[in-house]
Amino acid sequence: MSDALRFVDGNLDRFRAELYDFLEIPSISAKSEHDGDTRAAADWFADKLGSAGLTTETVETEGHPIVVGESRTAGPDAPTVLIYGHYDVQPPEPLELWTSPPFEPTERDGRIYARGSADDKGQLYMHVKALEAFHATGTPLPINVVVVAEGEEEVGSPNLVPFVQAQAERLACDVVLISDTGMYAKGIPSVGFSLRGLAYFELHVHGADSDLHSGEYGGAVANPVNALARIIASIHDDEGRIAIEGFYDDVIEWDAATRDTIAALPHSDESFARDLAVTELSGEAGYGTLERLWIRPTCDVCGVLGGYTGEGAKTVLPNHAMAKVSFRLVPDQNPDRVKELFEAHLARVTPPGVSVELHELHGGRPWKASVDGPEFEAASEALEEAFGARPVPMGGGGSIPIVVEFEEILDATALLVGFSLPGCNLHAPDEWLPIENYEKGIGALVRLYAKLGG
Ligand code: BES
Ligand code: MN
Ligand code: MN
């Protein structure tokens with residue numbers, strides 16, 4: 001393994017230059033005008049996987065392709081690790097808020113700025129370089145590896161579960177290793193112990209047949225924008241709890257040990273609020289910030305639409321309003337059940353004179369790890385050796401819906417080893433990845449593969 005680690009150290013500049021090539025491809029899965037770019041990113045990635053010594057296949061789907069790489073040289077008695085990540089990225093808009101263009105990777109202050117640097121091309125590519133280090137130095141890879149890189153994670157992975165089900169034998173593995181989350185703080189690496197699930201809806205409120213003069217009709221005809229505001233306001237109570245009947249029925253009380261671990265993490269509400277330029281933090285009563293982020297469910301309206309929003313005043317009574325409503329879920333909540341509960345809530349709170357329509361956008365179940373297994377320990381040791389600090393367990397506020405499916409379909413243990421940092425601007429303008437994490441992280445992965453191989 002020391003040859004492989006030396007190889008990493010001697011090739012870091014090239015590793016970074018290659019990542020820049022990857023980041024230059026605008027693989028925006030949500031936008032069909034970028035389908036060619038998304039395909040190009042898949043091809044580019046498959047080519048690099050091949051150079052790292054894996055046999056590769058680009059599997060077609062109804063959407064963007066899935067790139068599969070395999071290395072079976074460790075033999076049938078060695079463990080098999082499935083490495084999952086995504087080569088697609090979120091749309092970069094609003095472009096004017098980027099300091100340097102999203103698809104022109106730029107270095108500033110020890111950071112790589114580009115869309116996808118942290119989520120997830122940079123992190124995915126770290127695995128390719130760690131694999132290459134074994135291959136290029138003739139160091140036997142002690143684990144069998146299956147890489148699965150999808151191009152639809154940011155649009156809800158519509159084709160991934162069917163693929164995993166159809167190819168369950170080929171994808172059979174002991175561990176699913178994912179680098180698509182973050183470290184707790186600079187210099188403090190982390191192993192993930194949870195991810196929230198997601199139930200995401202588009203809510204439409206309809207009123208009259210057409211827009212109306214707000215003086216001629218206002219007061220006698222229901223206004224869908226007013227109604228939507230009332231509906232949204234009804235979702236939370238004054239304590240920041242979700243006021244949907246039955247919503248908390250399936251929410252587990254987290255074990256005391258995890259809550260103690262969370263409480264012991266270095267955290268300051270004041271600096272957290274200051275970094276975000278908010279006057280104070282707010283959320284569910286009775287829970288600390290990290291608990292609110294990691295182990296408690298939420299509801300956030302991600303967007304609203306309705307009525308006249310152009311210049312000046314137009315006295316109009318609109319006939320339609322829309323909101324994008326997202327629930328983050330925790331074990332053992334289920335997105336289908338949340339949909340039923342939300343529908344029942346809507347039936348109760350929708351004001352007279354309007355009708356509502358609910359469409360499901362994304363759904364994903366929450367995930368919770370057992371933090372005492374040998375894989376967790378292997379990851380902790382590898383990270384400690386590479387970063388020089390003992391990793392802390394970390395919850396994930398975001399969602400990677402495939403994690404639960406992988407565990408269930410493949411009967412494997414998921415292991416989340418992420419390298420972004422809080423503030424890396426995932427999905428936002430000026431996304432970045434620390435160069436230090438990219439470089440040390442590759443070394444950590446080399447060590448982790450070795451440890452997982454026993
Ligand atoms: N990598 C993120 C998920 C993530 C980010 C987990 C930070 C933990 C910490 C992933 O690419 C993502 O953005 N997922 C989406 C869900 C998906 C269904 C669109 C999300 O969480 O909004
Ligand atoms: Mn991601
Ligand atoms: Mn993402």
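Keep in mind that what you see is a predicted model, and the values were worked out from it rather than measured.
A ring-ring contact (aromatic ring centres under 6.0 Å, His included) check over residues 239-259, counting only residues at least two apart or in different chains, returns the pairs Phe247-Phe327. Counting only residues at least two apart or on different chains, no ring-ring contact (aromatic ring centres under 6.0 Å, His included) pair has a member in residues 219-241.
In this structure, Asp37 and Asp35 have side chains that are not in contact, with every pair of non-hydrogen atoms separated by 4.5 Å or more. Under the 4.5 Å side-chain criterion, counting only non-hydrogen atoms from C-beta, Tyr84 is in contact with Leu160. A 4.5 Å side-chain heavy-atom check between Val145 and Leu54 finds at least one atom pair inside the cut-off. With a 4.5 Å cut-off on side-chain heavy atoms, Met126 and Lys129 do not count as touching. Between Leu97 and Asp430 there is no side-chain heavy-atom pair separated by less than 4.5 Å. Taking 4.5 Å as the limit, every side-chain heavy atom of Ser420 sits out of range of all side-chain heavy atoms of Asp119. Within the 4.5 Å cutoff, the side chain of Tyr125 has no heavy atoms near those of the Tyr87 side chain. In this structure, the side chains of Trp44 and Ile25 come closer than 4.5 Å at one or more pairs of heavy atoms.
Stacking of Arg108 on the aromatic ring of Tyr113 is recorded, both the 6.0 Å distance cut-off and the 45° axial limit being met. Because its NZ or CZ atom is not both nearer than 6.0 Å to the ring centre of Tyr287 and within 45° of the ring axis, Arg292 does not count as a cation-pi partner of that residue. Relative to the six-membered ring of Phe22, Lys121 meets both conditions, a distance below 6.0 Å and an angle of at most 45° to the axis.
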Report all side-chain donor-acceptor pairs from residues 221-235 shorter than 3.5 Å, counting only partners two or more places apart or in another chain.
residue : atom : partner : partner atom : Å
Asn223  : OD1  : Val225  : N            : 2.8
Asn223  : OD1  : Asn226  : N            : 3.4
Asn223  : ND2  : Asn226  : OD1          : 3.3
Ser234  : OG   : Ile231  : O            : 2.6
Ser234  : OG   : His345  : NE2          : 2.9

Just list the side-chain donor-acceptor pairs under 3.5 Å for residues 184-193, sequence neighbours left out, or say none.
residue : atom : partner : partner atom : Å
Tyr184  : OH   : Pro266  : O            : 2.5
Lys186  : NZ   : Glu436  : OE1          : 3.2
Ser190  : OG   : Tyr184  : N            : 2.7

Sequence neighbours excluded and cut-off under 3.5 Å, please list the side-chain donor-acceptor pairs for residues 402-418, or say none.
residue : atom : partner : partner atom : Å
Glu405  : OE2  : Arg365  : NH1          : 3.4
Glu407  : OE1  : Trp367  : NE1          : 3.1
Glu407  : OE2  : Trp367  : NE1          : 3.2
Glu407  : OE2  : Ala414  : N            : 2.8
Glu408  : OE1  : Arg365  : NH2          : 3.3
Glu408  : OE2  : Arg365  : NH2          : 2.4

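Annotation for Tyr308: atom OH counts as buried by contact number, over 12 foreign heavy atoms lying within 6.0 Å. Around atom CD of Glu270, no more than 12 heavy atoms belonging to other residues, nucleotides or ligands sit under 6.0 Å away. Heavy-atom neighbours of Asp209 CG from other residues, nucleotides or ligands within 6.0 Å: at or below the threshold of 12. Taking a 6.0 Å sphere around CD of Glu245, one finds it holds 12 or fewer heavy atoms contributed by other residues, nucleotides or ligands. Counting non-hydrogen atoms of other residues, nucleotides and ligands closer than 6.0 Å to CD of Glu311 gives a total of 12 or fewer.
Side-chain contact, His127 with Ser179: a donor N or O sits under 3.5 Å from an acceptor N or O. Inspection of the Glu152 and Asn159 side chains reveals an N or O donor paired with an N or O acceptor under 3.5 Å. In the model, Asp180 has a side-chain atom that pairs as donor or acceptor with a side-chain atom of His86 under 3.5 Å. With 3.5 Å as the limit, one finds a donor-acceptor pair spanning the side chains of Glu357 and His206. No hydrogens or angles considered: nothing links the side chains of Asp300 and Ser326 as a donor-acceptor pair under 3.5 Å.
Taking the six-membered ring for Trp, Phe201 and His359 have ring centres at least 6.0 Å apart.
Comment: Arg115 does not engage Glu24 in a salt bridge, judged by the lack of any side-chain N to carboxylate O separation of less than 4.0 angstrom. The pair Glu202-Lys324 meets the salt-bridge criterion, since a charged nitrogen lies less than 4.0 angstrom from a carboxylate oxygen. Using a cut-off of 4.0 Å between Lys/Arg side-chain N and Asp/Glu carboxylate O, Glu57 and Arg170 are scored as salt-bridged.
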(message) I'd like to know whether Trp432 forms a side-chain contact (heavy atoms from CB on, under 4.5 Å) with Leu426, so could you lay out the CA-CA distance, the side-chain angles of the two residues, the decisive distance to 0.1 Å, and finally the verdict.
(response) CA-CA 8 Å; Trp432 54 275; Leu426 312 184; over 6 Å; no
(request) Kindly determine whether Arg274 and Glu280 satisfy salt bridge (Lys or Arg N to Asp or Glu O under 4.0 Å), including the steps that lead there. (result) CA-CA 8 Å; Arg274 196 177 335 108; Glu280 62 182 300; over 6 Å; no
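Under the salt bridge (Lys or Arg N to Asp or Glu O under 4.0 Å) criterion, Asp255 pairs with Lys368, sequence neighbours left out.
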